[in-house]
Amino acid sequence: MQKSLVQITLMAMFCCVFSNLSFADEKKKLDASVYDGWKSIDRGTVISNNGEFVSYVIKPQKGDTYLYLYNVKSGKLDSIPRGKSPVFSQSNQFIAFRVSPQADSIRSLKLKKTKKDKMPKDSLFIRNLANGETKVVADLNKWSTPKKGGDWLAYVLEKEVKKKEEPKDTAKVEAEKAEKEETKKEEKKTKSDKKKKEFKSKGKPLVFYRPSNKDSLYLEKVKSYTLSEDGSAAYVIQSVGDTTEVSKVLRFNPQTFTVDTLFKEIGKIEKIASAYNGQQCAFYFSGDTAKTKVYRLYHYGPKMKNPALIIDTLHAALPSEWSARTKGSLRFSKNGERLFFEAGKRPFEEPKDTLTSDEKTHVDVWNWKDMDIQPMQKKNLRQEKDPTYDCVYHIKKKQVVQLADKDLKSIEVLEKGNSNIAIGRDSQPYRWARTYSGRWSSDIYRVDVTNGERTLLISDQSGEADISENGKWGVYYKPQDGQYYSVNIKNGDTKLISKSTNVAFADELNDTPSEARAYGIEGFSADGKFVIVYDRYDIWKLDLTGKTNAVCLTNGEGRKSTTEYRCVKLDKEEDYIDLNSRLLLETFNDVNKQAGFSYLNGQRISEIMMGDYRVYTPSKAKDAETMVWRKSTYEKYPEVRVCNGDLNDSKVISNTNPQQKDYIWGDIQLVDWVASDGLKHQGLLITPENMEPNKKYPMISYFYERNSDNLHGYRSPAPSRSTVNWNFYASNGYVIFVPDIFYRDGDPGLCAYEAIVSGCLAMADRFSFIDRENMGIQGQSWGGYQVAYLVTRTNMFKAGMAGAPVSNMTSAYGGIRWGSGMSRQFQYEKTQSRIGGTLWEKTNKYIENSPVFFAPQVETPLLMMHNDNDGAVPWYQGIEYFMALRRLEKPVWMLVYNGEEHNLTRRANSKDLSIRMMQFFNHYLKGEAIPVWMHDGVSAVKKGKELGYDLIE
C-alpha cells in the first residue's frame, strides 16, 4: 500500500497540531516548508561616512527582501519592503536603494510566459537623511553615485518619460531648433541616392538629481555615462539622429546642473572614461559606416576647446596592423597625467562564407607541443582569438608607449597609475608543464612606464608576491625553501629577509605532495622600511633591506597560546600599515576554536574579547568611530551589531530569524580522539537539542578535509546543493559527526578510512545515545570519493551517499576538468588526490585507491549524485561505479540532474535532492518505508510527470 506525499504531510501536520495543543511550548522539527522563509543578511551592510546611519538587507531564500535603515543616534529602525543594494552618498545627505516588484507578482507573470521587456522593473528610492523625504523613481534601469565625493546621483530609466506641457522658453526653443537644423545638414551630407532606414537610438533617459534641493536634469537617448570619482563632473555619450546616428559627448557640471556639448559627429562612440578630478575625459569614436568598425581614441582636457584625436586608425608607436580597441579598459591615472588604454590587431570584415556546412571540416588537432591543451584553448578562445594589450598615453608629452604584448600580457601599474614603474608577469615559459605540475609560475618583470623597457626581477615565481604601492620594493615567498625575499625594484637586488626567524612561514599542516603555501603577506609599513607577514600564529616585521633581524610584533604570544593573530584593515583605502598606531587584530585559537579581537600597540597585545563564537571582520565609518560587525555561534545567527569604537559595547540591531525559537535545532561540541593512524584528530559532533535519555539516535558522518575550525559557524536550513544540512538532520533526530582527516602521500583512501572509521567507533563508545547499528556516511566531491572508497573497506555503515565521486583514478587521471579545460593529472600527482606520482610511476597506488576495482566487496547500499554537466569530476566516473555495482546486483542509485554542475545550482533540484537523500537515510537508518523512486525507479517515460516520493508500506 502506498501513501501519497500529501497524505503523509497532512498526517504530520495533524500530529504536529495535536502536539502543539497538548504542549504549547514544544518545538517543531525542521521540514522542507521552512526553506523559503529562512532568511539571511545580504552581503554589503553599509555605514554612512559620518557614522550616523547603518543600512542592511535581510533576504529570504525565496521571496521579498527587506531593507533596514538604522539611526545610530536615535536608535530608530525603519524598514522598506523589497528594498536592496543600499548606498549612502559621500556627503551623508541621502541614501539610495532599489526596490523590486513583489516576488509573487513576478512568479505569476512568468507562469503567463510574459516577455522579459514586459516584466515590471525595479524602482529607485532616494531618501533625504535630514528630513526623511523620499523620492521614488519607477521603471529603473540602473543608477550610480560618485565614489569619493558629491551630493548627487545619476539614474537611467528604461524608457522615455512623457513630459507635461510647460511654458516655453523661447531662447531654448530657438537653440533646439538651430541644433536640429544643424543635425539635418550633417545628415544630408552622408545621404546616398537610396532611401535610408530611420535610425533608432538604443539610448535611454538619464537623470542627474540632487536630493538636498531637488535639482534635476533630464537627458534623452543616453548610451552610456561615467562619473568622476570626486563627484565634480560626469561625462555622457548621447546617441541621436533621424536617419543616421549622430553621437555626442556631454559634460555635466553638478554645480550648475547644466551640460556642455564637447563633441558631436556622425558616427558611433563607445566607452568613455573620466579622470579622478573630472577635468578630463577620453572616448572611442568611429565614423565608419561598415559593420566592423575601427575606432579612434580621443582625449579632452582643461583649456581644450574640443577633444583631440590621439590615436588614429594607425599610430607610429604601435605595430602597423594594430589600432586602439574598445574591448579593453580605458582609465586615467589618479593624478591625471596618463591615459591607459588597450590596443590590438585592427578588426576586419570576415570573408564571406563560400562553403556549405556539410563541406566544412570540423576537427581539433591536439599537438604535444601546444602550450595549452585543446580544452584549455577552447576555454580561453575569446581572449586568445582577439587579444588586446595595455598601452599608455602620456598626456603632457603627447607620447604613446606600448606596455604589454603576447609575451607579457599582464601589467600592473603602481600607485593607481601614477608610478613610473609597472609590474609584468610572463607565464609563457611554464605553460606547457602546468597541465600536470599544478604550478602556476611566472617570470616577473619591471616595466618602465615612460618607455616600455623591461627588466627581469624574479624567475619562476609560483608563491605569493606583493609590491609596495610606491613601487620601490617587491616581496615574494619562495615555496622551495619556505622563505621570504625582497627585491629592490629599481636595481633588481634581492635579499633573503626571513632567515633570522625560527618559525615556518609555510603552511605547517600541508598534507599534499605540493609546495606548501605561505600564511600570507599583510602589507608594507607606512615608513616604507618593512613588510608585515604571518606565520601560523604570529605577525612578523621583516626588514626590506635584510640588514636587521626579523621582529615578531606579537612577541610569540600567538604560538604560545595556539592563537592566530591577523590584522583588521578598517580603512580599506589605506595602502600601508602604520606600526606607530594601535592596530586591531582578529584572533582565533585553533585548539579550542574560540575567536575574538585584540589591540596591538607596539609589541603589546591587549585582548578585547575572546569566546565561544565566530567573529566577522568589522567595517568602520570613514569619518567617525562607529563600527558594524557580527558574531555567530552554531545556534545563533550572526546579527548586525553597532558600536562607537568599543567592540565590547555593541548593540544588536537586526533580528533575522525570530522563528528559529519554534524549531528543534542542534547542539554542537568539539570532540577529539586518537585515530588508527596514531594521530590526535579533532571533529565536530552535532546532536538534536531535545535528546531523550536512554534513546538511541542514528548517526551520519559527513567529511571533507578538515572542518573543526567551523565549530561556531551558523548554518541556515536550506535545500542541499550536495551535502547533508547539519542542523536540519539534527532537528529530525540524527547525530552528525564531522571528523578532520590528515593524509599521507599515496594513501588518500586509507587515511580517510583510518580517521573516519576510528572516529565513528570512538564516538559510539563515548556516547551511549549513538546507535552504532545505524550509522551512515555522506560526502561530496572529494568527500564523495571517500564514501565510495570506504564502502569497499568496511560494512559498518548501513547506508552511504556519495556526491560526484571519482571511482577509477586510472581513467580519471587522463581526463579533463571541463570547467577549466585543465588536464586532471596535476590533481592526482600534486594536490587533493595526493598520489604523489604519475600513473606509470605509482600504478599500484592508483589501483589501490580506486573503488571500482573493489566493487565486489561493497555490501553497503549506496546513493550517488553525479550530474551530466559536471566540470570538476567527469560524469563517467559515477557511471563506471554505478555500472559495476549494478552488474554485481548491489543496491545502488544514481541521481543525474540534467545540465547541472558539480554542485547543484537550481533551487528546484536542490529541494529534490534534499527530499531523496533524507528518504534514503530514513529508510536505511530509521527503518522507514521505502519511496517509490528507490523501489521501482522513475522511468524515462514518467520523467517530469512523476517524482516517486510516495512511500510504500
Side-chain angles (χ1 to χ4, degrees), residues 40-59 64-72 76-100 121-158 206-217 224-234 252 254 274 276 278 570-573 617-624 626-629 640 642 653-654:
S40 61
I41 293 173
D42 201 9
R43 290 176 295 179
T45 296
V46 292
I47 183 169
S48 62
N49 285 343
N50 61 10
E52 293 183 5
F53 289 90
V54 172
S55 183
Y56 58 92
V57 175
I58 291 182
K59 63 175 183 178
D64 295 321
T65 62
Y66 261 86
L67 182 143
Y68 292 86
L69 179 62
Y70 178 74
N71 186 314
V72 176
K76 183 182 178 182
L77 183 67
D78 289 338
S79 62
I80 298 93
R82 307 188 308 282
K84 60 182 181 181
S85 307
V87 174
F88 287 105
S89 69
Q90 293 296 305
S91 61
N92 304 300
Q93 292 183 6
F94 67 87
I95 182 174
F97 50 89
R98 283 180 177 265
V99 173
S100 298
K121 304 298 188 292
D122 287 355
S123 297
L124 176 65
F125 278 45
I126 307 164
R127 177 174 290 191
N128 187 313
L129 294 173
N131 58 28
E133 288 184 4
T134 301
K135 177 182 174 66
V136 179
V137 179
D139 211 26
L140 179 70
N141 177 276
K142 62 182 178 180
W143 68 283
S144 54
T145 59
K147 290 182 180 178
K148 303 290 175 63
D151 59 352
W152 54 277
L153 74 160
Y155 57 85
V156 177
L157 303 174
E158 280 292 338
L206 169 69
V207 179
F208 292 110
Y209 181 68
R210 180 182 284 121
S212 60
N213 60 9
K214 301 181 183 178
D215 281 347
S216 180
L217 179 66
S224 65
Y225 69 97
T226 183
L227 314 181
S228 69
E229 287 194 41
D230 72 348
S232 65
F252 168 68
S274 170
Y276 178 89
L570 291 175
D571 185 347
K572 307 302 181 189
E573 296 178 13
T617 304
S619 295
K620 179 182 171 296
K622 183 180 177 181
D623 304 317
T626 311
M627 288 194 288
V628 292
W629 66 289
V640 178
V642 176
I653 63 171
S654 63

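For the atom pair E133 CD and I126 CD1, the distance stands at 12.5 Å (nearest 0.5 Å). Atom-to-atom distance recorded for N128:CG and T134:OG1 is 8.5 Å, nearest 0.5 angstrom. The line from CG of D78 to CG of N71 is 8.5 Å long, rounded to the nearest 0.5 Å. F88 CZ to F94 CZ: the interatomic distance, rounded to the nearest 0.5 Å, is 11.0 Å.
Proximity of a side-chain donor or acceptor of S216 to a complementary backbone N or O of Y209 within less than 3.5 Å is not detected. Here the side chain of R127 pairs no donor or acceptor atom with the backbone of I95 at under 3.5 angstrom. Under a 3.5 Å cut-off, the side chain of S48 and the backbone N or O of F53 do form a donor-acceptor pair. At distances below 3.5 Å, at least one donor-acceptor pair connects side-chain atoms of S55 with backbone N or O atoms of Y68. In this structure, the side chain of S85 does not engage the main chain of R98 through any donor-acceptor pair within 3.5 Å. No donor-acceptor distance shorter than 3.5 angstrom exists from the side chain of S274 to the backbone of L227, with no hydrogens or angles considered. Between the side chain of S654 and the backbone N or O of V640 there is at least one donor-acceptor pair closer than 3.5 Å. Of the possible donor and acceptor atoms, one in the side chain of Y56 sits under 3.5 Å from a partner among the backbone N and O of I653.
Checking R82, K84, K142 one by one against D122, the salt bridge (charged side-chain N to carboxylate O under 4.0 Å, His left out) holds for a single residue, K84.
Shown here is K572, whose NZ atom has more than 12 heavy atoms of other residues, nucleotides or ligands within 6.0 Å. Dense packing is recorded around NZ of K148, with more than 12 heavy atoms of other residues, nucleotides or ligands lying under 6.0 Å away.
Remark: F125 engages F97 in a ring pair (Phe, Tyr, Trp, His ring centres under 6.0 Å) (not counting sequence neighbours). For P254, the side-chain contact (heavy atoms from CB on, under 4.5 Å) test picks out W152, R210, F252, with sequence neighbours left out. Listed by chain and residue number, K59, Y637 satisfy the side-chain contact (heavy atoms from CB on, under 4.5 Å) test with S40 (two or more places apart in sequence, or in another chain). Partners of W143 according to the ring pair (Phe, Tyr, Trp, His ring centres under 6.0 Å) rule, which considers only residues two or more places apart in sequence or in another chain, do not exist here. Remark: Y66 pairs with no residue by the ring pair (Phe, Tyr, Trp, His ring centres under 6.0 Å) rule, at least two apart or across chains. Partners of N49 by side-chain contact (heavy atoms from CB on, under 4.5 Å), not counting sequence neighbours, listed by chain and number: Q90, N92, K622, D623.
Side chains of S144 and Y225: a donor-acceptor N/O pair is present below 3.5 angstrom, by distance only.
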